[in-house]
Structures are given as structure tokens and as C-alpha cells.
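Note that ligands are numbered from 1 as they come in the structure, with each ligand's atoms numbered from 1 the same way.
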Amino acid sequence: MNILILGSGGREHTLAWKIAQSKKLTKLFVAPGNAGTNELAENVEIAVNDFEAIKALVLKEEINLVLVGPEDPLVNGIHDFFLNDAQLKEVAVIGPEKLAATIEGSKEFAKEFMLRHNIPTAAYQSFTSINLEEGYSFLESLKPPYVLKADGLAAGKGVLILNDLKEAKSELKSMLLDAKFGNASATVVIEEFLDGIELSCFVLTDGKNYKILPMAKDYKRIGEGDTGLNTGGMGAISPVPFADETFIQKIEERIVIPTVEGLQKDQYPYKGFIFIGLIKVGNDPKVIEYNVRMGDPETEVVIPRIKNDFVEVLEATANQKLDTIALQIDERTAVTLMAVSGGYPEAYEKGKEINGLEKGNESLVFHAGTKSHNGKVQTNGGRVLAVTSYGEDFKDALQTSYKNIKEIDFEGMYYRKDIGFDL
Ligand code: AMP
Ligand code: GLY
């Protein structure tokens, strides 16, 4: 079959790498893709939210399945667009319909969903400009730190964690009255602070059945020791040493099953990945957030541990036959290190030539922000490359990635030297 992947990051390169290994694949397209996907597939210069151009490509190339990488087109209703189009409605789309994608698109919607289905999460209340004063009172009733979340999508920046009550009130005001995060902060969710260690759980559902993919942990802060600004993710590890069988069972019983059943009960049509951001508080898992896509860089360690033909898995998802699939998981640990542009996550330059990629490398080097230019590979984003390795345990795997990342170089390149420090 012919497959189209939408997106251009390390997640999409990893998915392309996996799908390219399938016996069932005829031709693979990635839109818009990067220099890495260009080696495995045909890149097509189409933006992920340009639904009409995507339609034209799908019809021209007789694409049978579209795998949506990022959340944006899902929240904008790409799956519904396909279902409502006579020429496209038979094409399989992996990713939830618009209504279901609201579990990522609106924090308030997600919180109400969790409450309705008894899914453990932080206590909360939500506020708009109309009840700002009540927001102040709610903050006064909480102990610091205070967690303020813009309701809508804010490119990963919409969460503030503040120690000072005065500052929390002033930020609440600026989110609600001065549109600090634009329309995304017209509603603000204020949450109880949860103290614990975070991990990511990935579920693939066909709307009826589900499969839990390997657990992963990512490292979001730019600086060593988890300091400095939040990034998209600086590295990841799978499996997660502190998520033992008993803990994973709790996640399945208390969170995954009620989530999948809740989506069905509420009639939120979902065929795709659910990324459940979790925090381990004591010995109990609680949900921090839902995303309607795979994580990045978690994909770069989760997908390499899946041994199945991935096109079979995706087809079963589209046909609501996931119950016929037995996932085979590689017992080894996978880790990834992200090499980023100097200055990221603040301003950084693009267009730096990347050297050392041609050298044989025992690691898998997944491209994130890269592009091909006159036969060379250049940087084209903040997160540039993800260097994934397998090992007997995470220390062993990290050793390989740290050795191999040194073979690569571009002006301003930075990576964290302490991935796994907390385990
Ligand atoms: P989110 O966008 O909801 O994933 O939040 C971004 C980050 O803020 C999370 O990865 C957590 O590190 C932190 N965070 C969010 N909510 C809470 C909470 N209730 N308690 C503690 N930390 C939180
Ligand atoms: N690594 C976190 C995310 O993809 O949102």
C-alpha cells in the first residue's frame, strides 16, 4: 500500500524508518519531511494544515493510509475532512477525529473527561475573565507551587508553575485579560501541584481495542540536572526503570482502560495514538495531560523497540482489528540524545552544515530539524538530530549514543551530557 506521513520532525523520521521496513509498503511519502525522511521516502513540500493540497496528493498518488504525526492537523479536523469527502472517505487516517482530539486541544475538556471517568489527575478549577476574582480566591486556597495552564494549544509554552502567590495572581490576570497566550489563555485551568517523577505512556487504539506501547521517559529541560527552560525534549529512555510490572498494571487498570472506554462511551471517535503524560506520586500514577499523537523524542526510543511489521499494526488500527495483533517488544533498552542548535529553545540560527553523518554509526541517527541543500545536510530547526542506541540497560545504551554523537558536528551544536541522571 501507499502511505503518507504528515510532519517533519524526529518522530516522523522514526515512523518513516519503521514503515519503510514493512513488506506491505509500496511507496512512502512524507509531507513536508526533512533530510532524513528524504533518504527513505519521497518528501512532498506540503504543509500539514493544507488539507486541500494533501487531498490532491492523496488522489494523485493513490495513497491508502495517512499517518498524522503532529497534533495540529488533528485538532483542526483532518480526519473529519477525509471522512466528509466522497473521494477520500475510504482512505485510512491514523489520528483521532476533531472532537476526540479536543482531549489535547483543550485542557478543560480533558479535565472534565477525566473527572467523568474517574481517571486520577490533579484537582483543578477553570476560570475565564468573567470570574477572575474567583480565580484569585482559588489560588489563595492552594499551597504553592501554583500551576496555571492555558486551556488551548500554546506550542508547549502554556503552563506556568509559580512559587509566589502574588506572581501567580498577576500571571493569571495577564493570561485572562491580556491574552498572554493569545486565545489559548481565554480560559485558564488552575491545578493542584503534583510532586513526583514523570513518564510517558503511549497507547494505540482503534476505538474499541488498545495496545500499550513501551513506556518512556523524556528530559524536557535544556540544562543539565533538569534546569533552565522547557524544550520539546532533549533525550528519552525506554523502558522506564521505575515503572515495574505492578506500576504498569496500575496505569492500565486506572488510566488506560477508563480512557479507552470513556472515549467510546462519550462517542469521541479515536483511531490513533494516545500519549498519556503521567506523574508517579508515591506509588500511584496520575495523569498530567493527554496528547493525541506520539511524543518526540519518545518515538525515537519507543518505535525502535517494536518488532512487528508496523504497517500491519496501522492497518489493524484502521480496521478496528487491533485485537488480532500481538505486539512483540525488543527486551533491550533504547535511549536517544537530542542534538540541538545553539541558543535553543530561545533564538537560534539555521542553515549550519552538519558533518559526520556519512560515517557508519552504530547508533540510529534520526533527523529532526534538518534539510537537504545542494547535496549537503543543514540544520533547519531547534532540535536537529536524535541519536538512538540499544543496550542491555540504559547506561549501556547511553554509552553508545554518547560515543556516536561525538562523530557528528555542526556550529553551535549542544546536547545534554546527563540523560538518565535521575534514574
Ligand atoms: P503539560 O503541558 O500539561 O504537560 O504541562 C507541562 C509540564 O508542567 C509537565 O510536563 C509537568 O512537568 C508540569 N506540570 C503540569 N501540571 C502539573 C501539576 N499539576 N503538578 C506538577 N507539575 C505539573
Ligand atoms: N516529549 C514531549 C512531547 O512530545 O510533547
Return yes if a side-chain donor-acceptor contact under 3.5 Å exists between N380 and N34, otherwise no.
no

For G232, the ligand 2 atoms whose distance to one of its heavy atoms is below 4.0 Å
1 (N), 2 (C)

Any heavy atom of E298 under 4.0 Å from ligand 2? The part involved is side chain

Numbered atoms of ligand 2 (with element) below 4.0 Å of G295, judged on heavy atoms:
4 (O)

How far is atom 12 (O) of ligand 1 from its nearest protein heavy atom, and which residue and atom is that?
E198 OE2, 2.4 Å

Tell me the protein heavy atom at minimum distance from atom 2 (C) of ligand 2, and give that distance in Å.
D218 OD2, 3.4 Å

Can you report which non-hydrogen protein atom sits closest to atom 5 (O) of ligand 1, along with the distance?
V159 CG2, 3.4 Å

Verify the contact flag for atom 17 (C) of ligand 1, where contact means a protein heavy atom under 4.0 Å away.
yes

Look at atom 19 (N) of ligand 1 and say which protein heavy atom is nearest, naming residue and atom and giving the distance to 0.1 Å.
E191 OE1, 2.7 Å

Heavy-atom proximity to atom 2 (O) of ligand 1, best of K107, R221, K286, E192
K107

Got the closest protein heavy atom to atom 21 (C) of ligand 1, with its distance?
L194 O, 3.2 Å

Would R11 count as a contact residue for ligand 2, given that I'm defining contact as a non-hydrogen atom of the residue lying under 4.0 Å from a ligand atom?
no

Residue-level breakdown please: for R293 versus ligand 2, do any non-hydrogen atoms fall below 4.0 Å on the side chain, on the backbone, on both, or on neither?
side chain

Strictly under 4.0 Å, does any heavy atom of I161 approach an atom of ligand 1?
yes

